[in-house]
Number of protein chains: 2
Amino acid sequence: MKKKPQNLISQKWEILLSQAGYRITQPRRAILDIIAESCRPLTPVEIYDLARARSSGIGLVTVYRTIEKLEELHLVDHVHHLGECQTVFRSSDHHQHLLICTNCGTSCYFDGLEVEEQFNQIGQQLGYEVTGHWLQLAGLCEDCQKSHNSKKVPE
Amino acid sequence: MKKKPQNLISQKWEILLSQAGYRITQPRRAILDIIAESCRPLTPVEIYDLARARSSGIGLVTVYRTIEKLEELHLVDHVHHLGECQTVFRSSDHHQHLLICTNCGTSCYFDGLEVEEQFNQIGQQLGYEVTGHWLQLAGLCEDCQKSHNSKKVPE
DNA sequence: TCGATATTGATAATCATTTTCAATAAGAGC
DNA sequence: GCTCTTATTGAAAATGATTATCAATATCGA
Ligand SMILES: [Mn+2]
Ligand SMILES: [Mn+2]
Ligand SMILES: [Zn+2]
Ligand SMILES: [Zn+2]
């Protein structure tokens, strides 16, 4: 019987949830794993389906409640892209932005942008005090550039 | 009896809707006016309430259907901000980005950003072919900076 | 091991959006 | 202006997504 090596991220999340006074249950663990391992933002129902395929008897309600707690601890971000406005993706530890594949959803955080100064100047010109920004890039990932037509969606 | 001078934008929209084969009805006209005049993104229900206050007997369904057509003709944009993911705002004629007040919602388009080159480079580093971007600034508008506390929401 | 209680899933309730449909009104052609 | 076709309307019902309720269960500190 193979022992599945647990994902490092979900391992960390379990500790943090524990420290916040939440309990680590079987359904919750399955949901954490799914989200932590995913290379792309997932909808609640996608998480539900993937988690159920792995360990049965999980309720969609529990998915929503688990997402709620992960958000509260800032361990996941809400991602809006394409039609979906409610997908969830593991958050970066520092302020970063997402580059999302328009075909398969595979997402990467990136940083190193030099834009804050420009943002402040634009605000000044319009009389606003800029307090935040929201930036997301869209494109085709390496795999999807090769197989340009196929609409396969990973994990 | 005062003749209300019609908004230039909604006037233009009526022509375009007409040319697209759609009819200009009283409910539709009221909805166009509300959206065209607004200085901030509105939810369907907000549009519904404002339009009903102006001319009675308008259905929420008609609001949804009118938004649908305005979107189809690219006359309005979907705006995601704060909790709301389904607000509607008159679109800019060329590619621009929005700066939105976090307090009252008042929004301005801006351009003159020098970022496209940086976006492409970032994509290259990560193996993506960048095809689009999504950028929005948030801040406090001039009025809301003065009356920092009051949560009044215009029109 | 025990016990307080956080968590669970089934079910029902709520909220936003879409569909259905018969009545109405826009507007092209006369 | 009048007529006729048909796009549009609002009420009501249907759908889909999210949230609240609640009794049974599982977690985890003592
Ligand atoms: Mn940033
Ligand atoms: Mn741009
Ligand atoms: Zn891809
Ligand atoms: Zn403001």
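Letters go in sequence order (proteins before strands), and every chain restarts at 1. Computation of the quantities below employed the complete heavy-atom set of this structure, encompassing side-chain atoms and omitting hydrogens, waters and symmetry-equivalent molecules.
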Counting side-chain heavy atoms from CB outward, which of D:dT9, D:dT8, C:dT8 is closest to B:R65?
D:dT9

Rounded distance (nearest 0.5 Å) linking atom SG of B:C101 with atom CD of A:E129:
10.0 Å

Atom-pair distance (CD1 on A:I67; P on D:dA17), nearest Å
14 Å

Could you measure the distance from the OG atom of A:S38 to the CD1 atom of A:I9? Nearest 0.5 Å is fine.
10.5 Å

Taking C:dT7, D:dT9, C:dT17 as options, the one with an atom nearest any side-chain atom of B:P44 is C:dT17

According to the salt bridge (charged side-chain N to carboxylate O under 4.0 Å, His left out) rule, which pairs have a member within residues 8-17 of chain B, sequence neighbours left out?
B:E14-B:R29

Scan nucleotides 26-30 of chain C against the protein and return all N/O pairs shorter than 3.5 Å with their distances rounded to 0.1 Å.
| residue | atom | partner | partner atom | Å |
| --- | --- | --- | --- | --- |
| C:dA26 | N3 | B:R23 | NH1 | 2.9 |
| C:dG27 | OP1 | B:I24 | N | 2.7 |

Please report, rounded to the nearest Å, how far the C1' atom of C:dT17 is from the OH atom of B:Y48.
14 Å

Nearest-Å distance for atom pair CD/P, residues A:E14 and C:dA6:
20 Å

For the pair made of CD in A:E68 and P in D:dA20, what is the distance, rounded to whole Å?
8 Å

Could you state the CZ-P distance from A:R28 to D:dT27, rounded to the nearest angstrom?
11 Å

Report the distance from atom CZ of A:F89 to atom OH of A:Y109, rounding to the nearest 0.5 Å.
5.5 Å

Length of the CD-P vector between A:Q86 and D:dG16, whole Å:
17 Å

From CD of A:E46 across to P of D:dG16 the rounded distance in Å is 17 Å

Round to a whole Å and report the spacing from CG of A:L60 to P of C:dT7.
18 Å

Answer whether the closest heavy-atom distance between the side chains of A:E72 and A:E68 falls below 4.5 Å.
no

Please round to the nearest 0.5 Å and tell me the distance separating atom CG of B:L42 and atom CD1 of B:I34.
8.0 Å

